[in-house]
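Just so it is clear, the model here is predicted, and its values are computed rather than measured. Here is the naming used below: chain letters follow the sequence lines, and residue numbers restart at 1 for every chain.
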Amino acid sequence: MERAVPLAVPLGQTEVFQALQRLHMTIFSQSVSPCGKFLAAGNNYGQIAIFSLSAALSSEAKEESKKPMVTFQAHDGPIYSMVSTERHLLSAGDGEVKAWLWVEVLKKGCKELWHRQPPYRTSLEVPEINALLLVPKENSLILAGGDCQLHTMDLETGTFTRALRGHTDYIHCLALRERSPEVLSGGEDGTVRLWDLRMAKEVQTIEVYKHEECSRPQNGRWIGCLATDSDWMVCGGGPALTLWHLRSSTPTTVFPMRAPQKHVTFYQDLILSAGQGCCVNQWQLSGELKAQVPGSSPGLLSLCLNQQPAAPECKVLTAAGNSCRVDVFTNLGYRAFSLSF
Amino acid sequence: MSSESSKKRKPKVIRSDGTPTEGKRNRSDTEQEGKYYSEEAEVDLRDPGRDYELYKYTCQELQRLMAEIQDLKSRGGKDVAIEIEERRIQSCVHFMTLKKLNRLAHIRLKKGRDQTHEAKQKVDAYHLQLQNLLYEVMHLQKEITKCLEFKSKHEEIDLVSLEEFYKEAPPDISKAEVTMGDPHQQTLARLDWELEQRKRLAEKYRECLSNKEKILKEIEVKKEYLSSLQPRLNSIMQASLPVQEYLFMPFDQAHKQYETARHLPPPLYVLFVQATAYGQACDKMLSVAIEGSVDEAKALFKPPEDSQDDESDSDAEEEQTTKRRRPTLGVQLDDKRKEMLKRHPLSVMLDLKCKDDSVLHLTFYYLMNLNIMTVKAKVTTTTELITPISAGDLLSPDSVLSCLYPGDHGKKTPNPANQYQFDKVGILTLRDYVLDLGHPYLWVQKLGGLHFPKEQPQQTVIADHSLSASHMETTMKLLKTRVQSRLALHKQFASLEHGIVPVTSDCQYLFPAKVVSRLVKWVTIPHEDYMELHFTKDIVEAGLAGDTNLYYMALIERGTAKLQAAVVLNPGYSSIPPIFRLSLNWKGEKTNSNDDNIRAMESEVNVCYKELCGPRPSHQLLTNQLQRLCVLLDVYLETESHDDSVEGPKEFPQEKMCLRLFRGPSRMKPFKYNHPQGFFSHR
């Protein structure tokens with residue numbers, strides 16, 4: 001009589017575990033491929049999922065199109081930030097940045113092209129990298145995060161050229177001011193600092209929390225999100241979402257949003273922001289709320305606009321946050337559908 | 001003409017009859033002359049022809065006279081009257097002649113008739129005689145044929161053939177010289193010989209009978225002897241039982257069991273065989289027994305006579321009841337249902353003994369008409385268990401074995417064919433009868449070798465040994481784990497209800513030494529209440545909150561902060577972890593939808609549960625999770641950033657050692673405890 005080998009783990013356990021994982025998943029970062037047809041999303045378990053936007057947006061899209069084409073374990077820890085260059089996908093999380101080839105990434109079993117770790121001061125705990133910024137003029141990458149410094153890495157050689165110090169607490173977000181070129185960084189210490197890359201020095205500091213119009217001490221002073229449009233900057237987080245005039249360092253408009261915002265971006269003549277609360281908020285520059293479009297996650301952490309010229313049919317806004325879903329907005333007025341891990 | 005025929009006969013008749021009448025007449029005439037006149041005699045003398053002529057003449061005369069009278073009357077005159085009178089008188093005379101002639105004719109007719117009658121009678125008599133004779137002839141002929149056909153009995157006897165006869169018969173019987181010639185004698189001789197032979201054989205037969213009697217008696221005696229031996233052997237076997245036990249070879253007991261097992265229905269038999277085999281080979285703590293009435297089981301297999309008896313009995317009963325009242329449709333349906341759900345009188349009982357001496361008693365039944373097996377379970381422990389309020393369902397017989405394998409809730413019949421049977425008697429689902437009949441779990445069917453495919457009902461599902469064998473080991477292990485984990489939970493619940501989270505010493509390393517938050521409440525909540533909570537909606541939507549789970553609410557407090565935790569306990573604990581959902585009431589209500597840190601805390605206990613399992617068999621999972629929640633609450637409260645606008649010190653001073661308070665875009669608190677350094681960091 002043949003005996004079947006008894007299963008070590010009953011099927012129910014894995015299913016329950018997978019369901020729990022999905023329930024507690026947070027998608028921190030997104031990035032669109034250079035061709036504009038694919039979207040990469042990174043979550044708190046260190047996984048990257050590649051979604052095919054063109055398939056999901058096409059007219060014969062089925063349920064499977066809303067699932068990732070490929071999912072792989074990229075990092076050990078959460079992936080807080082991702083950017084895409086002409087050919088690469090760069091992802092960063094717990095202390096190191098990895099690069100992947102976009103053409104390779106679509107196939108299964110992809111291996112990273114390279115990984116680099118900026119020189120950290122402390123060795124007790126590996127600081128996280130919260131923000132990545134590409135500086136196309138220099139062909140370099142700026143990393144910022146837990147160790148309160150901005151590191152610049154040359155993409156050709158992979159060496160770390162600068163380390164800009166100044167923040168007293170860890171850095172949340174980065175923004176690039178094309179003209180100068182200058183980099184803005186916002187941090188946990190409540191300041192927004194401007195850095196001149198050529199001189200490698202801090203040129204301006206704005207202490208947001210000290211301004212009464214926007215400070216909200218009950219939320220804290222941290223700056224969670226930053227966006228800039230040459231002379232203007234919008235930032236938010238603990239303090240209210242505010243539009244600043246950079247030269248004069250004065251707040252011009254305070255957007256009346258109670259929930260702390262985690263991501264903000266300029267789009268055409270609007271400002272889009274998202275944060276705690278499930279909606280993507282659209283603001284006029286005057287400070288009026290134009291629309292509030294609800295998404296499917298209870299809180300949003302990242303917004304991504306697909307403006308790649310190669311794929312105009314995939315021009316969508318995607319939002320992700322405290323769930324395993326990425327909301328796709330084909331029209332800023334409503335949520336079309338959601339992709340899901 | 002009648003007169004001519006009478007004329008022909010007349011002479012004969014006259015001869016025979018005429019003389020006596022003449023004689024009479026003569027005598028009467030001579031004795032009394034002219035006393036009376038016999039017209040009959042006159043008839044004989046007269047000639048009918050002449051009478052006829054006379055008649056004709058008379059008629060003519062009459063006619064003539066009438067005509068004359070007529071003439072005279074028509075003519076008229078005085079002397080006519082005398083002429084008429086004269087003629088009248090003549091007519092009268094003629095009338096009288098006519099009358100006489102008429103009388104004579106009548107008499108003649110009568111005589112003729114009498115004569116005919118006599119002759120006819122004679123003919124009849126002869127005819128009768130003829131008939132009699134013919135009949136007698138026929139009778140005699142019949143007799144003759146009968147005699148000719150007569151076969152004597154002796155021809156039926158199968159006599160030995162002639163040669164044999166002459167060979168074997170002794171000469172005094174065969175009498176060859178006489179019999180050869182005369183077949184009659186030969187036959188007689190042969191019959192004689194037959195008789196002789198038969199007598200001899202009868203003699204022999206009697207001898208043999210008596211022999212047989214003798215031998216039978218001997219056999220009886222020997223049987224007696226043997227049967228007297230049987231109780232002695234039994235007593236020897238009894239005496240040897242202690243020896244058997246001493247040597248751990250309970251053959252006797254096993255033998256008895258196998259005897260009873262023969263009457264088990266096939267699935268129970270498969271279960272019995274496989275369980276015994278498993279117990280002998282792998283697990284000495286498993287004991288198998290058969291319970292129930294063997295006689296009833298035997299009674300099930302006597303169809304014809306018993307059913308006839310039953311029919312007559314039931315007919316009699318039915319008559320009786322119809323006299324009182326007719327059973328209602330509902331009662332009849334009830335009876336049909338009971339019949340359908342009937343159990344086989346025998347059941348198999350398995351006792352699984354666990355390491356801590358608690359025993360799981362499983363009784364397996366077989367429902368004959370539905371072809372499924374059910375099980376009833378009971379857990380007994382060495383010491384009396386005081387059941388804490390929240391642990392009511394843990395060890396209840398109804399739910400202790402629920403979902404032993406994922407999804408196997410035992411409330412529905414696993415045999416798809418049963419649905420059609422149920423429709424006939426109006427049973428909706430087996431769930432209503434489960435408490436009484438036992439649960440028809442899928443693993444029970446597999447242990448009995450019954451394999452029901454998911455899709456269509458199969459015609460016959462036979463009990464299969466290989467299916468049972470492959471599942472036996474896994475199921476036994478799962479059963480043991482189940483009982484152990486339930487008992488462990490039982491004990492833990494008792495402690496939890498008193499507000500103490502029982503953390504064993506080998507799990508202490510998972511937590512810091514000082515934990516300030518306390519568990520103040522641990523209650524069981526019904527399924528519906530769990531579904532109503534506002535912070536558990538995503539668990540419900542993910543399909544993790546079915547009705548086979550158990551639900552609890554824990555309340556952890558520190559200072560003014562109250563943390564509510566809704567717990568889903570899957571029957572497959574502890575391989576399937578309990579799932580927590582939190583709601584913190586401190587400076588407003590915080591749940592995972594509005595506070596990322598609460599989400600992180602839930603993730604710590606739900607997703608990272610494997611670290612909290614503790615040593616195998618990981619019964620400490622729930623208590624460790626609860627302890628971790630307390631630690632997490634401590635960290636949360638202590639690392640809350642101070643609101644500068646509010647006066648006064650922090651409610652919870654930071655006592656935990658943390659490298660960094662916030663990290664990442666979500667500004668997570670350091671929830672991960674590092675051992676043995678004792679500081680908190682981020683994942």
Exercise for the section: With a 4.5 angstrom heavy-atom cut-off, could you sort out which part of Pro260(A) is near chain B: side chain, backbone, both or neither? Expected result: neither
Problem - Heavy-atom proximity to chain B below 4.5 Å, by part of Leu301(A) - result: side chain
Problem - Pairing residues for His263(A) by the ring pair (Phe, Tyr, Trp, His ring centres under 6.0 Å) criterion, not counting sequence neighbours - result: none
Practice task
Check ring pair (Phe, Tyr, Trp, His ring centres under 6.0 Å) between Phe17(A) and all other residues, then give those that pass, not counting sequence neighbours.
Solution key: Tyr609(B)
Fill in the blank from the handout: Closest non-hydrogen contact found for Asp596(B) with Lys262(A) is OD2-NZ, 3.2 Å
Exercise for the section: State, to 0.1 Å, how close Arg599(B) and His24(A) come at their nearest heavy-atom pair, and which atoms those are. Expected result: NH2-C, 3.7 Å
Practice task
Check whether any side-chain heavy atom of Asp538(B) lies under 4.5 Å from a side-chain heavy atom of Ser323(A), and answer yes or no.
Solution key: no
Handout entry: Side-chain touch His682(B)/Asp94(A), heavy atoms, less than 4.5 angstrom
Key = no
Handout entry: chain A contact via Lys477(B) - side chain, backbone, both or neither, heavy atoms under 4.5 Å
Key = neither
Exercise for the section: State whether the side chain of Gln21(A) and the backbone N or O of Val607(B) hold a donor-acceptor pair below 3.5 Å, judged by distance alone. Expected result: no
Please say whether more than 12 non-hydrogen atoms of neighbouring residues, nucleotides or ligands are located less than 6.0 Å from [atom1] in [X].
X: Tyr45(A); atom1: OH; result: yes
X: Glu212(A); atom1: CD; result: no
X: Asp76(A); atom1: CG; result: no

To the nearest 0.5 Å, how far apart are [atom1] in [X] and [atom2] in [Y]?
X: Leu544(B); Y: Leu20(A); atom1: CG; atom2: CG; value: 6.0 Å
X: Ile579(B); Y: Leu23(A); atom1: CD1; atom2: CG; value: 7.5 Å
X: Leu661(B); Y: Glu188(A); atom1: CG; atom2: CD; value: 9.0 Å

Problem - Note: Arg660(B)-Glu128(A) ion pair, threshold 4.0 Å (strictly below) - result: yes
Handout entry: side chain to side chain contact (heavy atoms under 4.5 Å, CB included) between Thr26(A) and Met668(B), intermediate numbers included
Key = CA-CA 12 Å; Thr26(A) 308; Met668(B) 291 285 114; over 6 Å; no
Practice task
For side chain to side chain contact (heavy atoms under 4.5 Å, CB included), just list the numbers for His172(A) and Phe662(B), CA-CA rounded to whole Å, side-chain angles, deciding distance to a tenth of an Å, and then say yes or no.
Solution key: CA-CA 11 Å; His172(A) 275 276; Phe662(B) 300 104; over 6 Å; no
Completion exercise
Heaviest contributor of heavy-atom pairs below 4.5 Å to chain A, chosen from Gly664(B), Ala600(B), Ser603(B), is Gly664(B)
